[in-house]
Amino acid sequence: DQQVKQNSPSLSVQEGRISILNCDYTNSMFDYFLWYKKYPAEGPTFLISISSIKDKNEDGRFTVFLNKSAKHLSLHIVPSQPGDSAVYFCAARRGWAGSYQLTFGKGTKLSVIP
Amino acid sequence: DTGVSQNPRHKITKRGQNVTFRCDPISEHNRLYWYRQTLGQGPEFLTYFQNEAQLEKSRLLSDRFSAERPKGSFSTLEIQRTEQGDSAMYLCASSPSGTGAYEQFFGPGTRLTVL
(Lines give C-alpha, C1' and ligand atoms only; values in the text may rest on other atoms or scores of the structure.)
Protein backbone atom coordinates (compact mmCIF):
# COMPACT_ATOMS: atom_id res chain seq x y z
CA ASP A 1 0.00 0.00 0.00
CA GLN A 2 1.70 3.13 -1.24
CA GLN A 3 0.93 6.00 1.11
CA VAL A 4 2.71 8.65 -0.95
CA LYS A 5 2.08 8.60 -4.68
CA GLN A 6 3.74 10.45 -7.52
CA ASN A 7 1.71 9.36 -10.51
CA SER A 8 3.84 11.01 -13.20
CA PRO A 9 7.11 9.11 -13.69
CA SER A 10 8.46 11.86 -15.96
CA LEU A 11 7.87 15.46 -17.01
CA SER A 12 9.46 17.57 -19.76
CA VAL A 13 9.36 21.36 -19.65
CA GLN A 14 10.91 24.14 -21.75
CA GLU A 15 13.51 26.29 -20.07
CA GLY A 16 11.92 29.39 -18.58
CA ARG A 17 8.47 27.84 -18.22
CA ILE A 18 6.81 26.56 -15.05
CA SER A 19 7.34 22.99 -13.84
CA ILE A 20 4.57 21.51 -11.71
CA LEU A 21 5.23 18.25 -9.90
CA ASN A 22 2.37 16.55 -8.11
CA CYS A 23 2.09 14.26 -5.10
CA ASP A 24 -0.89 12.58 -3.43
CA TYR A 25 -1.00 10.94 -0.01
CA THR A 26 -3.42 8.71 1.83
CA ASN A 27 -2.34 8.76 5.49
CA SER A 28 -4.00 11.42 7.64
CA MET A 29 -1.22 11.02 10.22
CA PHE A 30 1.23 12.85 7.96
CA ASP A 31 1.98 16.28 9.44
CA TYR A 32 4.99 17.44 7.46
CA PHE A 33 5.86 17.17 3.80
CA LEU A 34 9.19 17.55 2.04
CA TRP A 35 10.52 17.64 -1.50
CA TYR A 36 13.92 16.25 -2.35
CA LYS A 37 15.91 16.46 -5.57
CA LYS A 38 18.21 13.67 -6.66
CA TYR A 39 20.93 13.62 -9.28
CA PRO A 40 22.34 10.28 -10.51
CA ALA A 41 24.96 8.73 -8.20
CA GLU A 42 24.18 11.21 -5.42
CA GLY A 43 21.99 11.11 -2.35
CA PRO A 44 18.72 13.09 -2.23
CA THR A 45 19.11 16.80 -1.51
CA PHE A 46 16.48 18.61 0.56
CA LEU A 47 14.66 21.28 -1.43
CA ILE A 48 11.65 22.67 0.41
CA SER A 49 9.09 21.59 3.00
CA ILE A 50 5.66 22.47 4.35
CA SER A 51 3.85 21.85 7.59
CA SER A 52 0.31 20.49 7.46
CA ILE A 53 -0.93 23.63 9.18
CA LYS A 54 0.05 25.74 6.17
CA ASP A 55 -1.11 25.73 2.56
CA LYS A 56 1.87 27.38 0.87
CA ASN A 57 5.59 27.76 1.35
CA GLU A 58 7.89 29.66 -0.98
CA ASP A 59 11.66 29.69 -1.33
CA GLY A 60 13.05 31.53 -4.32
CA ARG A 61 11.99 29.77 -7.52
CA PHE A 62 10.36 26.93 -5.56
CA THR A 63 6.85 26.97 -4.10
CA VAL A 64 5.04 24.08 -2.47
CA PHE A 65 1.25 24.06 -2.19
CA LEU A 66 -0.69 21.80 0.15
CA ASN A 67 -4.39 20.94 -0.20
CA LYS A 68 -5.21 18.94 2.92
CA SER A 69 -8.81 18.22 1.99
CA ALA A 70 -7.66 16.63 -1.27
CA LYS A 71 -4.55 15.10 0.33
CA HIS A 72 -2.53 16.63 -2.48
CA LEU A 73 0.59 18.70 -2.73
CA SER A 74 2.47 20.19 -5.62
CA LEU A 75 5.88 21.70 -6.25
CA HIS A 76 6.11 24.65 -8.63
CA ILE A 77 9.43 25.68 -10.14
CA VAL A 78 9.44 29.06 -11.87
CA PRO A 79 11.31 29.69 -14.09
CA SER A 80 12.62 26.22 -14.85
CA GLN A 81 16.32 25.93 -15.63
CA PRO A 82 18.32 23.11 -17.25
CA GLY A 83 20.10 22.52 -13.93
CA ASP A 84 16.74 21.59 -12.42
CA SER A 85 16.76 18.38 -14.46
CA ALA A 86 16.74 15.62 -11.83
CA VAL A 87 14.43 13.17 -10.10
CA TYR A 88 12.14 14.82 -7.56
CA PHE A 89 10.81 12.90 -4.58
CA CYS A 90 7.89 13.84 -2.40
CA ALA A 91 8.20 12.64 1.22
CA ALA A 92 6.00 12.77 4.29
CA ARG A 93 6.45 12.37 8.03
CA ARG A 94 3.96 10.73 10.41
CA GLY A 95 4.55 13.22 13.16
CA TRP A 96 1.11 12.72 14.70
CA ALA A 97 2.15 9.11 15.31
CA GLY A 98 5.42 10.19 16.92
CA SER A 99 7.46 8.79 14.06
CA TYR A 100 10.50 10.41 12.49
CA GLN A 101 10.77 8.19 9.45
CA LEU A 102 10.03 9.64 6.04
CA THR A 103 7.77 7.89 3.55
CA PHE A 104 8.75 8.63 -0.05
CA GLY A 105 6.96 8.50 -3.37
CA LYS A 106 8.55 6.81 -6.38
CA GLY A 107 9.76 10.08 -7.85
CA THR A 108 9.20 12.15 -10.97
CA LYS A 109 12.02 12.66 -13.45
CA LEU A 110 12.05 16.28 -14.60
CA SER A 111 13.77 17.19 -17.83
CA VAL A 112 14.18 20.90 -18.58
CA ILE A 113 14.84 21.42 -22.27
CA PRO A 114 17.05 24.39 -23.22
CA ASP B 1 33.18 18.84 3.76
CA THR B 2 30.75 18.76 6.68
CA GLY B 3 27.99 16.69 5.04
CA VAL B 4 26.97 13.09 5.70
CA SER B 5 29.61 10.65 4.47
CA GLN B 6 29.22 6.97 3.66
CA ASN B 7 31.77 4.26 3.02
CA PRO B 8 32.28 2.39 0.86
CA ARG B 9 30.54 4.03 -2.07
CA HIS B 10 30.31 0.76 -3.94
CA LYS B 11 30.39 -2.85 -2.75
CA ILE B 12 30.23 -5.98 -4.86
CA THR B 13 29.88 -9.24 -3.00
CA LYS B 14 28.91 -12.82 -3.59
CA ARG B 15 25.67 -14.28 -2.28
CA GLY B 16 26.07 -15.58 1.24
CA GLN B 17 28.83 -13.17 2.26
CA ASN B 18 28.51 -10.58 5.03
CA VAL B 19 28.91 -6.87 4.31
CA THR B 20 29.19 -3.81 6.55
CA PHE B 21 28.58 -0.19 5.65
CA ARG B 22 29.56 2.88 7.63
CA CYS B 23 27.85 6.26 7.94
CA ASP B 24 29.30 9.41 9.50
CA PRO B 25 26.55 11.95 10.16
CA ILE B 26 26.84 15.71 10.31
CA SER B 27 28.69 16.24 13.58
CA GLU B 28 26.05 18.14 15.54
CA HIS B 29 23.18 15.87 14.45
CA ASN B 30 22.02 13.36 17.02
CA ARG B 31 19.43 11.63 14.82
CA LEU B 32 20.57 9.11 12.22
CA TYR B 33 18.51 7.15 9.70
CA TRP B 34 19.09 4.30 7.26
CA TYR B 35 17.08 3.90 4.06
CA ARG B 36 17.25 1.53 1.13
CA GLN B 37 16.50 2.50 -2.47
CA THR B 38 15.96 0.09 -5.35
CA LEU B 39 15.61 0.95 -9.03
CA GLY B 40 12.48 2.92 -9.82
CA GLN B 41 11.50 3.33 -6.19
CA GLY B 42 11.86 6.05 -3.61
CA PRO B 43 13.98 5.52 -0.51
CA GLU B 44 12.41 3.09 2.00
CA PHE B 45 12.98 3.54 5.71
CA LEU B 46 14.98 0.86 7.52
CA THR B 47 15.85 2.18 10.98
CA TYR B 48 16.42 5.30 13.09
CA PHE B 49 18.73 6.20 15.99
CA GLN B 50 18.51 9.01 18.49
CA ASN B 51 22.06 9.19 19.85
CA GLU B 52 22.98 5.54 20.49
CA ALA B 53 19.42 4.30 20.97
CA GLN B 54 17.72 2.52 18.07
CA LEU B 55 14.14 3.82 18.33
CA GLU B 56 12.41 2.69 15.13
CA LYS B 57 12.84 -0.36 12.92
CA SER B 58 11.01 -1.18 9.73
CA ARG B 59 9.74 -4.66 9.04
CA LEU B 60 12.05 -4.47 6.00
CA LEU B 61 14.90 -4.93 8.48
CA SER B 62 15.00 -8.71 8.58
CA ASP B 63 17.03 -10.77 11.06
CA ARG B 64 19.96 -10.67 8.65
CA PHE B 65 20.25 -6.91 9.05
CA SER B 66 21.71 -5.22 12.10
CA ALA B 67 22.51 -1.59 12.71
CA GLU B 68 24.51 -0.01 15.49
CA ARG B 69 25.49 3.45 16.58
CA PRO B 70 28.00 3.10 19.39
CA LYS B 71 28.63 6.30 21.35
CA GLY B 72 26.01 8.08 19.28
CA SER B 73 28.43 9.12 16.55
CA PHE B 74 28.97 7.03 13.40
CA SER B 75 26.72 4.11 12.53
CA THR B 76 27.22 0.76 10.85
CA LEU B 77 24.75 -1.36 8.93
CA GLU B 78 25.62 -5.04 8.57
CA ILE B 79 23.92 -7.51 6.27
CA GLN B 80 24.64 -11.16 6.96
CA ARG B 81 24.30 -13.95 4.39
CA THR B 82 23.57 -11.52 1.57
CA GLU B 83 20.95 -12.40 -1.03
CA GLN B 84 20.54 -11.07 -4.55
CA GLY B 85 17.44 -9.20 -3.38
CA ASP B 86 19.65 -7.13 -1.08
CA SER B 87 21.16 -5.38 -4.10
CA ALA B 88 20.22 -1.72 -3.67
CA MET B 89 21.48 1.72 -2.75
CA TYR B 90 21.78 2.08 1.03
CA LEU B 91 21.33 5.66 2.13
CA CYS B 92 22.15 7.24 5.45
CA ALA B 93 20.67 10.52 6.65
CA SER B 94 21.00 12.67 9.74
CA SER B 95 19.10 15.49 11.38
CA PRO B 96 19.29 17.58 14.51
CA SER B 97 16.73 17.13 17.26
CA GLY B 98 14.51 19.94 18.45
CA THR B 99 11.31 21.63 17.46
CA GLY B 100 10.89 22.03 13.72
CA ALA B 101 14.01 20.01 12.86
CA TYR B 102 12.31 17.76 10.33
CA GLU B 103 14.61 17.92 7.34
CA GLN B 104 16.89 14.93 6.92
CA PHE B 105 20.23 15.36 5.17
CA PHE B 106 21.35 12.45 3.06
CA GLY B 107 24.75 11.05 2.28
CA PRO B 108 25.79 9.86 -1.20
CA GLY B 109 24.84 6.25 -0.48
CA THR B 110 26.53 2.86 -0.74
CA ARG B 111 25.59 0.85 -3.80
CA LEU B 112 25.53 -2.88 -3.02
CA THR B 113 25.60 -5.48 -5.77
CA VAL B 114 25.13 -9.11 -4.74
CA LEU B 115 26.23 -11.59 -7.39
Side-chain angles (χ1 to χ4, degrees), chain A residues 1-10 21 23-25 27 29-54 57 59 62 64 66 86-109, chain B residues 1 3-7 9-10 21 23-26 29-51 53-61 67 88-111:
Chain A
D1 174 34
Q2 192 151 26
Q3 300 181 57
V4 177
K5 299 177 185 178
Q6 294 178 257
N7 291 320
S8 298
S10 62
L21 296 98
C23 177
D24 296 294
Y25 64 95
N27 195 329
M29 299 295 279
F30 290 143
D31 70 335
Y32 203 77
F33 302 90
L34 307 91
W35 284 94
Y36 282 83
K37 179 168 76 171
K38 188 179 184 302
Y39 295 117
E42 295 183 11
T45 301
F46 169 72
L47 203 54
I48 192 170
S49 60
I50 188 166
S51 165
S52 60
I53 63 173
K54 300 196 173 184
N57 187 27
D59 184 2
F62 303 92
V64 56
L66 175 62
V87 178
Y88 288 78
F89 291 98
C90 172
R93 192 191 84 128
R94 286 186 298 124
W96 302 125
S99 171
Y100 292 97
Q101 63 176 272
L102 296 179
T103 302
F104 285 81
K106 291 187 177 184
T108 296
K109 183 176 182 180
Chain B
D1 184 20
V4 177
S5 61
Q6 292 187 246
N7 288 288
R9 293 292 307 274
H10 302 273
F21 310 140
C23 171
D24 288 90
I26 295 170
H29 288 181
N30 58 2
R31 292 179 182 158
L32 187 146
Y33 313 80
W34 285 98
Y35 291 83
R36 182 177 73 180
Q37 185 176 17
T38 53
L39 197 62
Q41 303 294 318
E44 296 173 291
F45 172 78
L46 292 177
T47 191
Y48 150 66
F49 290 85
Q50 171 122 356
N51 300 311
Q54 189 173 20
L55 297 183
E56 283 188 80
K57 289 172 67 172
S58 162
R59 55 179 186 272
L60 288 177
L61 212 68
M89 175 74 83
Y90 289 84
L91 294 162
C92 176
S94 70
S95 71
S97 59
T99 304
Y102 303 134
E103 292 81 24
Q104 296 178 16
F105 298 86
F106 283 83
T110 295
R111 179 165 295 284

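In the text below, chain A, chain B and the rest are named by the order of the sequence lines, each starting its count at 1.
- With a threshold of 4.5 angstrom between heavy atoms, K38(A) approaches chain B through side-chain atoms but not through N, CA, C or O.
- With a 4.5 angstrom heavy-atom cutoff, R9(B) touches chain A only via side-chain atoms.
- Contact detail for G43(A) and L91(B): the closest heavy-atom pair is CA-CD2, 4.2 Å.
- If you measure heavy-atom distances from E42(A) to chain B, the contacts under 4.5 Å come from the backbone alone.
- Just one of Y48(B), Y33(B), Y35(B) meets the side chain to side chain contact (heavy atoms under 4.5 Å, CB included) condition when paired with L102(A); it is Y35(B).
- Using a 4.5 Å heavy-atom threshold, the side chains of Q101(A) and S58(B) count as separate.
- With a threshold of 4.5 angstrom between heavy atoms, Q41(B) approaches chain A through its backbone and through its side chain.
- Residues E103(B) and Y36(A) have side chains that never bring a donor and an acceptor to within less than 3.5 angstrom of each other.
- Atom CD of residue Q50(B) and atom OH of residue Y100(A) lie 6.0 Å apart, to the nearest 0.5 angstrom.
- With a 4.5 angstrom heavy-atom cutoff, E44(B) does not touch chain A via any of its atoms.
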